[in-house]
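Chain identifiers are assigned alphabetically (A, B, ...) following the order of the sequence lines, protein sequences preceding nucleic acid strands; residue numbering begins at 1 within each chain.
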2 protein chains.
Amino acid sequence: MNWSDVEIFLAIVREGTLGGAARRLGLTQPTMGRRLKAFEATLGQMLFQRTPDGFVLTDEGTAILVHAERMEEEALALRRALVGQERQLEGALRLSSSDWFGAHMLSPVLAEFSLQHPKVLVELVTDSRLLNLSRREADLVFRIAPFTEPDVISRKLIHIEYGLYAADGSEHPNLGDGAGARLVTMDEAFGGMPDVAWLKRALPKADVAMRSNNREVQATLCARGAGLAVLPRPLGDTVAGIERVDIGEAPPGRDTWVGYHRDLKRLARLRALLDLVIERLVN
Amino acid sequence: MNWSDVEIFLAIVREGTLGGAARRLGLTQPTMGRRLKAFEATLGQMLFQRTPDGFVLTDEGTAILVHAERMEEEALALRRALVGQERQLEGALRLSSSDWFGAHMLSPVLAEFSLQHPKVLVELVTDSRLLNLSRREADLVFRIAPFTEPDVISRKLIHIEYGLYAADGSEHPNLGDGAGARLVTMDEAFGGMPDVAWLKRALPKADVAMRSNNREVQATLCARGAGLAVLPRPLGDTVAGIERVDIGEAPPGRDTWVGYHRDLKRLARLRALLDLVIERLVN
DNA sequence: CGAACGCCAAACGAAAATGCATGGATATCG
DNA sequence: CGATATCCATGCATTTTCGTTTGGCGTTCG
């Protein structure tokens, strides 16, 4: 049995097509077909049913899936074990945060860190989807919710105040009413966020004018007069063309958390960056 | 990272040399060297120290060893999961037992089974070393001690009586003495066996003439006049040229156990053979 | 209803991995 | 001390694997 074929098996399970699996692994579709055929031959079992809409697992394929996934777990852990041992202050560091947090909170710290440790290549990915620390899609993740994944070391970073903002000189709404006002809010997928709920309660009669999952975009929309927006104060207070509106009650603030995988605990460059971040943001 | 390289890494760890690892995997020494070099390159770490007496793990190699072993565990479990699902009464079955048990107890049953299920290829390995059920070095193991390994299903099969045997017509010793008698016993490595201890106590003044780890050999030596031997009665009672000696106290008997891996519980051919064995030996 | 796009399978040539043979270094044994 | 065995590294021929390309099929969209 060729262990590499297990990796291919997993890719096909997840993508459902040979082409998709090939793209995921950086190989080609004919290769995937051949490797799968060879794998099935050595096992003496058909692992997938070839259906019009892709490859779906047979009972036999389902039976081995859990083992294949555990093999992958260990393969990933193996790589982490090595990375975690690196003691030199060089190499790559991959961070993840929300857009505005990266731009307004992290950027200054990262610039300073980059000067201090020129051999460390820092990569900041601002993406709303959650990157997987176990797969090492990121080494260090900043987010506004605590971490629940196992094997992740996390700590609360700072409390972020939020504020209601409007374009400079525009009319201010009244708490509990908001008739005639227009709102810029988070994307529908983020409807559960506290500030969205607060808006609904504080300005129940206001209409939603636009949505975006990007706080920067919301701020810009707000400045151009599209409507009122709830923004993190570190962002809102620095954007030109908008001013904070006090309607007697502030939107709820949020805690920011930072987390990394336990296996990277001894990674010197990660430690150094985290120390600087805490130094600059917490103290 | 090529998952197959992990398998090669493990082989080199266990053999200590490239050549040995190559033989184990059915590859060649240059291939092992090149694959290892490539593996170390992709990980960016040296995994082995090249010493005069072989390849020994570095700290980094030690760090990933546990993960590599767990990957192997899952690879083996993956194969078992498929084999364990086979419902047809065909394929191979690998058994393991002690020599005399295989020859005198199992052979008749296996012959009958082979006639009943001609498409099942039964392979009986009589080997004193313990085969590993997890690695599927054997599907079904008979032994005289309970199973302690995890994930092994076992049951007590039969109680085997032992007896003291001597060549036909030779002199019989006295309990508690044995002066002048010569003994044929188990190999030194098996010194802890109950029958060896019993001999020491029952015939303290007798000398050990010969040793063997093979009960058949012991029986033959006994028949040729080399000395007294403690043998399982199913063996001793059927060997020509020896007779059982009653010195007033019989050597201790032993329980025989049979075990197989949990993953093979639903393997039809294994179930069929085990049922027949129980039918013929227990009832 | 035709064009375009996705999928997979098969054929072919290029690239990579493998095995074989060799050489050098070191330990073992007669 | 020479002969032998075992080990690893290297060069070369061969096999295997891979990527590219092509063709066939079904679905989707204009």
### Query
Residues from residues 33-49 of chain B sitting under 4.0 Å of DNA chain C, heavy atoms only?
B:Arg34, B:Arg35

### Task
Please round to 10 degrees the angle between the axis of the first five pairs and the axis of the last five pairs in the helix from C:dC1-D:dG30 to C:dG30-D:dC1.
20°

#### Entry: Proximity to DNA chain D (any heavy atom under 4.0 Å), residues of residues 19-30 of chain A only
A:Leu27, A:Thr28, A:Pro30

### Message
Using a 3.5 Å distance criterion without hydrogens, assess whether the side chain of A:Arg34 forms a donor-acceptor pair with backbone atoms of A:Met32.
### Response
no

### Task
Indicate yes or no: does A:Arg94 engage A:Glu137 in a salt bridge with an N to O separation below 4.0 Å.
no

### Query
Judged by modelled atom types alone, do A:Thr51 and A:Gln49 share a side-chain donor-acceptor pair under 3.5 Å?
no

### Summary
By side chain to side chain contact (heavy atoms under 4.5 Å, CB included), B:Ala92 pairs with (sequence neighbours left out) none

#### Entry: Partner residues of B:Arg24 under the salt bridge (Lys or Arg N to Asp or Glu O under 4.0 Å) criterion, sequence neighbours left out
B:Glu15

### Query
ring-ring contact (aromatic ring centres under 6.0 Å, His included): which pairs involve residues 49-99 of chain B, sequence neighbours left out?
B:Phe48-B:Phe55

### Message
Could you work out, with side chain to side chain donor-acceptor pair (under 3.5 Å) as the rule, every residue matching A:Arg182, not counting sequence neighbours?
### Response
none

### Residues that A:Glu69 engages under side chain to side chain contact (heavy atoms under 4.5 Å, CB included), provided they are two or more places apart
A:Leu10, A:Arg14, A:Leu65

### Message
Using only atom types and a distance under 3.5 Å, with no angle test, would you say the side chain of A:Glu40 pairs donor to acceptor with the backbone of A:Leu47?
### Response
yes

### Query
How about B:Tyr260 and B:Leu267: do any of their side-chain heavy atoms sit closer than 4.5 Å?
no

### Query
Excluding sequence neighbours, so at least two apart, what forms side chain to side chain contact (heavy atoms under 4.5 Å, CB included) with B:Ser134?
B:Arg80, B:Asn132, B:His261

### B:Arg70: side chain to side chain donor-acceptor pair (under 3.5 Å) partners, not counting sequence neighbours
A:Glu74

### Side chain proximity check, B:Trp3 to A:Glu72, heavy atoms < 4.5 angstrom
yes

### Task
Could you check if a side-chain atom of B:Glu86 sits within less than 4.5 angstrom of a side-chain atom of A:Gln45, using non-hydrogen atoms only?
yes

### Query
For B:Asn2 and D:dT17, what is the distance between atoms CG and C1' respectively, to the nearest whole Å?
13 Å

### Query
Are side-chain heavy atoms of B:Met46 and B:Glu60 found at a separation under 4.5 Å?
no

#### Entry: Residues from residues 6-16 of chain B lying under 4.0 Å of DNA chain D - heavy atoms
none

### Task
Taking heavy atoms of chain A and a 4.0 Å limit, find me the 5'-most and 3'-most nucleotide of DNA chain C within that range.
C:dC7 to C:dA11

